[in-house]
Each structure stands twice: as C-alpha cells, then as structure tokens.
Amino acid sequence: VQLQASGGGSVQTGGSLRLSCAVSGRMFGDLDMGWFRQAPGNEREFVAGFRRSDSRIYYLESVKGRFTLSRDNAKNTVYLQMNSLSAEDTAVYYCAAYTGGRIITSSIRNPSAYNYWGQGTQVTVSS
C-alpha cells in the first residue's frame, strides 16, 4: 500500500486547507484510514479516522466542527478539510492506513495500530 499525502502549506489564522491522501496498491474499500499530526517535540496525535466496517468517522475533540474527513472511492483518495485553523494546528500531517481485520474503536486513535503511512505534509498556521 502506498499513501501520498499533499495539500499542506502556510496559512493565516482562520484560514483553510484541504489535505489529500492518494492510496494505491490495495482496494480502497479494504482500508481503515486515519489522519495524524505531529508538532515539534510532541508525540504523533490522532486527528481523524474512518472505520470501514460501519463507515463511522472519528475526530480529535479539538478539531470537531472545524475539520472534516471525507473519501472519494472513485479516486482512491481521502481528504481532510481543515477550516478555522489556528496556530495550535501547526504540525506535519500524516495519513495512515490499517489493513488488518476489523479495527476496534480503541485502536482507531492509536498510531501504532496503523501499518502504512504517507510521507507527511507540513501545515503552518501563523497570525
């Protein structure tokens, strides 16, 4: 499985970005997908995830209402629309895929559960 993340950049506070993660090498419908981020000096943090078994989407509490995860099955791509960005959202953003059996709820937010990762895309929010 190959994941290619893109769409990062520099924006001002309150701005928006849309991240994309193009997936290849595996049937898109076989994957649970996650977005994570990592700021300097911090651990990798769950941002949003999609569980294929029930099509449920999960979010980090602090991004609810601002970020939206979506999928385009025809393009084998998952997106993360990010609105109302703040400096606290500055980080390298990664997409990840889980190709095992049914992922349990407690694992969706755990980066160790995912077995494929994209290369990361930098998001910088400044005032």
Counting distance only, does the side-chain N/O of Thr121 pair as donor-acceptor with the main-chain N or O of Ser6 below 3.5 Å? no

Quick check against the 3.5 Å criterion: does Gln119 have a side-chain atom that pairs as donor or acceptor with the backbone of Ala5? yes

I'd like to check Leu85 versus Phe67 (side-chain heavy atoms, cut-off strictly below 4.5 Å). Are they in contact? yes

Salt bridge (Lys or Arg N to Asp or Glu O under 4.0 Å) filter on Asp32, not counting sequence neighbours, yields Arg52

Any pair with a residue in residues 65-86 that passes salt bridge (charged side-chain N to carboxylate O under 4.0 Å, His left out), sequence neighbours left out, goes on the list, sorted by first then second residue, please. Arg66-Asp89

Is it the case that one hydrophobic cluster holds both Val123 and Tyr79, taking links as side-chain heavy atoms less than 4.5 Å apart, direct or via other members? no

Thr99 and Asp30, any side-chain heavy atoms less than 4.5 Å apart: no

Check for me, please, whether Trp117 and Leu60 land in the same ILVMFWY cluster - side-chain distances under 4.5 Å, paths through other members count. no

Are Leu3 and Ile108 grouped together when hydrophobic residues (ILVMFWY) are joined by side-chain heavy atoms under 4.5 angstrom apart? no

side-chain contact (heavy atoms from CB on, under 4.5 Å) evaluation trace for Thr77 with Val23: CA-CA 6 Å; Thr77 300; Val23 179; over 6 Å; no

Between CZ of Arg51 and CD1 of Ile104, what distance do you get to the nearest 0.5 Å? 9.5 Å

Given the rule that I, L, V, M, F, W and Y join up when any side-chain heavy atoms are under 4.5 Å apart, are Leu19 and Val125 in one cluster? yes

Hey, could you give me each pair passing disulfide bond (SG atoms under 2.5 Å apart) that has a residue in residues 46-127? Not counting sequence neighbours. Cys21-Cys95

Which value, rounded to the nearest 0.5 Å, describes the distance between Ser70 atom OG and Phe50 atom CZ? 10.5 Å

What distance separates Ser126 OG from Gln12 CD, expressed to the nearest 0.5 Å? 6.0 Å

Can you name the side-chain hydrogen bond (donor to acceptor under 3.5 Å, both in side chains) partners of Ser16, sequence neighbours left out? Asn83

Are the side chain of Tyr59 and the backbone of Leu69 linked by a donor-acceptor contact shorter than 3.5 Å? yes

Membership question, hydrophobic clusters at under 4.5 Å side-chain separation (ILVMFWY): are Tyr114 and Val92 in the same one? yes

Tell me, please, which residues at least two apart from Glu61 pass salt bridge (Lys or Arg N to Asp or Glu O under 4.0 Å). Lys64

Do you know which two heavy atoms are closest between Ile103 and Ser107, and how far apart they sit? CG1-CB, 3.8 Å

side-chain contact (heavy atoms from CB on, under 4.5 Å) assessment of Tyr116 paired with Leu31: CA-CA 10 Å; Tyr116 292 95; Leu31 305 176; over 6 Å; no

d(Gln38 CD, Glu45 CD) to nearest 0.5 Å is 10.0 Å

State yes or no: are the ring centers of Phe36 and Phe46 separated by less than 6.0 Å? yes

Roughly how far, to the nearest 0.5 Å, is CE of Met33 from CG of Leu80? 11.0 Å

Checking Arg37 against Tyr93: is there a side-chain donor and acceptor pair closer than 3.5 Å? yes

Got a sec, which pairs hit disulfide bond (SG atoms under 2.5 Å apart) with one end in residues 54-93, sequence neighbours left out? none

So, Thr124 side chain and Thr90 main chain: donor-acceptor pair closer than 3.5 Å or not? no

